[in-house]
Novice: 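One structure coming up, written as structure tokens, with questions to follow.
Each chain gets a letter, A, B and so on, in the order its sequence line appears, and its residues count up from 1.
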There are 2 protein chains.
Amino acid sequence: MSLVLQENPRIPADTAEKVRQAARQLGYVYNRGAAALRGRRSATIGMVINDLTNPFFVELLVAIERVLAEAGYTTLMAHTAESVATQTCVLRSMREQNVAGLIMSPALGTDDALPAEIRSWGIPLVLVMRPMGDDVDTIGVDNAFGFALATEHLIAQGHTRIAFAGNRKGYAVASQRREGYLSTMKQHELPVADEWTIDVELTPQGGQKAVRAIFDMALRPTAVLCYNDQVAIGVLHELDRMGKRAGKDLAVVGCDNIVAAEHTNPPLTTLSAGSDKLGALASETLLSRLVEGAVTDGPAKQFFAVPELIIRESSEHAIETEDATQTVRGKQPGRKRVARAS
Amino acid sequence: MSLVLQENPRIPADTAEKVRQAARQLGYVYNRGAAALRGRRSATIGMVINDLTNPFFVELLVAIERVLAEAGYTTLMAHTAESVATQTCVLRSMREQNVAGLIMSPALGTDDALPAEIRSWGIPLVLVMRPMGDDVDTIGVDNAFGFALATEHLIAQGHTRIAFAGNRKGYAVASQRREGYLSTMKQHELPVADEWTIDVELTPQGGQKAVRAIFDMALRPTAVLCYNDQVAIGVLHELDRMGKRAGKDLAVVGCDNIVAAEHTNPPLTTLSAGSDKLGALASETLLSRLVEGAVTDGPAKQFFAVPELIIRESSEHAIETEDATQTVRGKQPGRKRVARAS
DNA sequence: CTGAAAGCGCTTACAG
DNA sequence: CTGAAAGCGCTTACAG
């Protein structure tokens, strides 16, 4: 039976077909659990996501799941909601479920030793979006580059006072993004007030707070770089509540290019690294560790995607300089312009 | 060993502790797969979701997963992207994984016989959001009631020409929502033009199309009921592109009350049935079928939540009548008013 | 009350 | 080449 299912060449094709038909008639269902037990390997992959309320991670999850499904793997999903305690539970559960590998976007505050511990379990691990050291397979984004790109764009629009909303302390990705911003400001010899790097939660609520803070500042920024699109959506919302218009009263740039960024009002300028591509890379990296005889002790595979800037209306009204290429709001429906590294 | 883990009373507490400690030292990991094989029952639940790009289903998924996790179950997640073929694959895979139960929001166009087939597998099934007959456990929403409530609200604001965007043919939930709208219009003796029930995709793109259709109509509606918030977001976006304002130029009402509905510009009036509550109910319904000696042949448990209308700015500007209770846009940050059944 | 043995449904190494 | 047997890690019914 097993041989038939494995399409073993020692079974003639017609016999195999007969067996399969009989199996179907009898209502036979292959038991993957038993196979995993005996064969000492499983075909389920654990996926640990920190925040499903952020659509970017959902897009990433969908992309990862699709590639894994195509490769014949089943996805065991868990959501930690940024709780390290939940993450610990979830990882234990996945280990007990005997997952063949793990893809994880670690919760904020995860202990640096966790990747090493998971390695000691003998379970291959791929980190997505949030790096934790050089010796773990990681798929992420070049955040410093992206935020430098976004800062350049705002400066090119004539902005000199630019804020950064979402500077969570002790969080690596926030530091990278802030560094991209600060180094570019420095390069252009633009002074940066301390209060311009605003520490708020990385949610729409955080964005709302950031706007209120900005409009209370003595030396008020004319543009704001947001940690991600979730924060930017809160910024847009609060601007609207104050009767102000993004792009005109305050230029706004987000990060992640979630699907909704195209449908905000006004549409949101944002950095895109491609959730599809990142998801596919993460899956493939893990799958490459799962093939027979894979080098698990080899050097870690790390890839950091270079984001592009998708320019939409939230950052389009130039300050000081009037640029002839600025189009009137709402003329071309699906237009998007892409800024690339020079 | 097994007895210790089960906290069997025949093992003294101190001995149990010693065993547990030794197990930890040796790096013992409980193998759920083996337990499931031997015990002929598993602790994983399959969850089949039709559309993770709709945040409502993500909120539902998160709610379901939390309750299942608390009950000691692990969630196997799959995404069908509204493809019946993918759904078939996914269900076979879950059956092979020996899931203890299934929670499913079936893809559009799913064969009516599917619930009976799954029952024949001996796997308890709970349907969410999309009913398929009377003899399946189902957690859903009273869509006709909700859309009647929304229609009443628009009529109370002075609207007499109201459109319905998202009338997908042959899709039960769309028909329910349309019926709630049509019956209320009839009750108020308001005529409804055929072209006002607009058949578009149930996405932001569909919403954009609907707006263009509405502004091309000879007898133009002053309000639009959207199939869901995704459609409504497209409507808001297109209105903005046309330089028009939701609530002023066209009243807009959505359905689902996704988190983003509070942050659209302007904030979106929408129907809420509570994804948390629905998710918890779905989980609990399934769990009740999983307890030892549960009546699997008993009557199907069906529950349809009564939605409330969350009134926000997108439908607030009254037409014809000027109502003193209308507040000025953007005055109270988190305000929301709730309309209930009378 | 307790400990040893049978067996869940597979895969694989091995005897014939 | 082929078929029967061992064994993955558990649970549970049963013998002592």
Novice: Does dG16(C) have a Watson-Crick or wobble partner in any strand here, with both distances under 3.5 angstrom, and which is it?
Specialist: dC1(D)
Novice: Can you tell whether the side chains of Arg130(B) and Glu82(B) come within less than 4.0 Å, N to carboxylate O?
Specialist: yes
Novice: Just how far, in rounded Å, is P of dC8(C) from CD of Glu96(B)?
Specialist: 20 Å
Novice: Are a donor atom and an acceptor atom from the side chains of Gln97(B) and Thr44(A) found within less than 3.5 Å of each other?
Specialist: no
Novice: Provide, to the nearest angstrom, the distance between the CG atom belonging to Leu37(B) and the P atom belonging to dT11(C).
Specialist: 12 Å
Novice: I need the CZ-C1' distance between Arg32(A) and dC8(C), as an integer number of Å.
Specialist: 18 Å
Novice: State whether Arg38(B) places a side-chain N or O below 4.0 Å from either non-bridging phosphate oxygen (OP1 or OP2) of dA5(C).
Specialist: no
Novice: Which value, rounded to the nearest 0.5 Å, describes the distance between Thr80(B) atom OG1 and Gln87(B) atom CD?
Specialist: 5.5 Å
Novice: Could you tell me how far apart Arg41(A) (CZ) and dC8(D) (C1') are, to the nearest whole angstrom?
Specialist: 13 Å
Novice: How long is the line joining CG of Asn31(A) and P of dG9(C), in whole Å?
Specialist: 7 Å
Novice: Take the protein atom OH of Tyr28(A) and the nucleotide atom C1' of dC8(C), then report the distance between them rounded to whole Å.
Specialist: 13 Å
Novice: Just how far, in rounded Å, is C1' of dC8(C) from CG of Asn98(B)?
Specialist: 10 Å
Novice: What's the gap between dG7(D) and dG16(C) when it is taken at their P atoms, as a whole Å value?
Specialist: 16 Å
